[in-house]
2 protein chains.
Amino acid sequence: MDTRPAYDSTIDLLRSQSLSSLVQREIERLILSGEISAGEKLTELGVAERLGVSRGPVREAFRGLAESGLVRMEKNRGVFVRTVAVEEADEGFAVREALEEMIGRALAESITEGELGELRALLVRMEKAAGQGSVDAYSELNFRFHDRLVALTGNGRLAGMYQQLVKELTLFRRQTLARSETLAVSLAEHREIVEKIASRDPMAAGRAMAAHVRASRERMHESRAIDAGEVDEERETQREEGST
Amino acid sequence: MDTRPAYDSTIDLLRSQSLSSLVQREIERLILSGEISAGEKLTELGVAERLGVSRGPVREAFRGLAESGLVRMEKNRGVFVRTVAVEEADEGFAVREALEEMIGRALAESITEGELGELRALLVRMEKAAGQGSVDAYSELNFRFHDRLVALTGNGRLAGMYQQLVKELTLFRRQTLARSETLAVSLAEHREIVEKIASRDPMAAGRAMAAHVRASRERMHESRAIDAGEVDEERETQREEGST
DNA sequence: TATTGTATATTGTTTGACAATCTACAACGC
DNA sequence: GCGTTGTAGATTGTCAAACAATATACAATA
């Protein structure tokens, strides 16, 4: 009865992964990609039918998502995709600043020439995307850049917390640097980061990372201010979120 | 706000909390208090009968606990209380160092005289406990001290991540500074922290916090080394963990 | 001794059931 | 008209029973 393309090799996957985990990951994907928007209510039956499973695994997935902060469960009312207020986003940015500073310091001491080359290759691609004003491509590379940095530290716990934070901030707004004017600025900051890491100066690298996060947060606030001005009568939760 | 013994008015609680949440919190308590020890296998039926509920809520609780990192789920094998290797604990300490540094910096800029008094009162009690060589009392106060610090930052996200980390480190070893000889050293570090925060020097306060975490990690390693020497033929997972 | 087979326990998932609660809406009284 | 009350329907929270799939322990076999 259920021959949809996306769920073909389900059998193989179920040999190693529980169905609940797959459901959880799928819902997470739907949320982070924006196919399910913030604030939206999720019904057990609705998700269960959409994915072709029963209520049980869906309930379990909900609990996992709630624990990771992507949804909010209200007893007898349902689960809602979490909405992140700007104040919460600021808190997240503050923590991220501390983590990125730590990443910068660590990498300045441990990075290899090969890894530096990898980062510089990413920079080249970011430069190209920025030159073309391609916000989507740049954002994707930007994400990859930071993800790679934290991975290079070799600290799994750090990477886990970092990604948890990024998910939340993604939830807040999927286009932090939506304006193509800011791409060049952002790119320069990334160059500075790589440069400081390459100089093997932990404090300088940490400062560059922290400064970048602070600047990102500022850009986020500016974007918000601009949007608020344009829309004027702003109804934040209902506004259409542009696709990426 | 919630000063009831524990299981007084279960009915009231169920009005606002789902049974799964309560089960999850109870299992978490059992784990962190050591009543369930690291590495132990938890069966759905066993926990369900122990708490007088059915398998469903227990499964959900397990998923929540797995997401928060306290248990590990292996498909078709069961859930196990997570064991934290020393390498993982080190990763945790590294992240905690970054977070505590952030806390120190923030508090140096925002703390009030009243809050400082509160911290100094805690220091007095810690001094007393250290003087009596009461490791248990000191550890408890130590925990309260740091918990209070992060709360004073007003950054909820930071507090959340911090507590998540502390839970994991608790899981690793419930007695980090088990040796009464180190209490005085630890106390001095805490005094230094309060002093630097009081001096309103963010960088100095951050450094004091970071240094304290590094020293704590060192003490943890020393304790381990001593234990290993005593036990010699060390079988880490089976060794008796001292109460508290 | 190593391998294979088998019994048992546990997990993973489904289904059905039902009480509790929320939500929306209609009926009612003022 | 407007606030209150009542009711119906939907959804959640929990339980229970069932069964396939898998893991584990142990016996049988080569």
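Numbered from 1 within each chain, the chains take letters A, B, ... in sequence-line order.
For the pair B:Glu49 CD and D:dC15 P, the computed distance is 13 Å after rounding to whole Å. Between the C1' atom of C:dT13 and the CG atom of B:Asn76 lies a distance of 11 Å, rounded to the nearest Å. The separation between B:Leu51 atom CG and D:dT14 atom C1' is 15 Å, rounded to whole Å. Taking atom CD of residue B:Gln24 and atom P of nucleotide D:dG13, one finds them 14 Å apart after rounding to whole Å. Rounded to whole Å, atom P of D:dA16 lies 12 Å from atom CG of B:Leu19. Rounded to an integer number of Å, the gap from A:Glu44 CD to C:dT21 C1' is 14 Å. If you measure from atom NZ of B:Lys41 to atom P of C:dA9, you get 13 Å, rounded to the nearest angstrom. Taking atom CE of B:Met73 as the reference point, atom P of D:dA23 lies 15 Å away to the nearest angstrom.
Each of A:Arg217, A:Glu100, A:His146 was evaluated against A:His212; a single residue qualifies, A:His146, per the side chain to side chain donor-acceptor pair (under 3.5 Å) test.
By the 4.5 Å heavy-atom criterion applied to side chains, B:Leu99 and A:Val95 are counted as neighbours.
Residue A:Ser20 places at least one side-chain N or O closer than 4.0 Å to OP1 or OP2 of C:dT13. Residue B:Arg77 places at least one side-chain N or O closer than 4.0 Å to OP1 or OP2 of D:dT24.
The stretch residues 52-69 of chain B comes close to DNA chain C through B:Arg55, B:Arg59, each having a heavy atom under 4.0 Å from the strand.
Judged purely by atom type and a 3.5 angstrom limit, B:Glu91 uses its side chain to pair as donor or acceptor with the backbone of A:Gly156.
In this structure, CG in B:Leu107 is found 8.0 Å from CG in B:Leu119, a value given to the nearest 0.5 Å. The line from OG1 of B:Thr170 to CG of B:Leu32 is 6.0 Å long, rounded to the nearest 0.5 Å.
With salt bridges taken as basic N to acidic carboxylate O contacts below 4.0 Å, none links B:Glu60 and B:Arg63.
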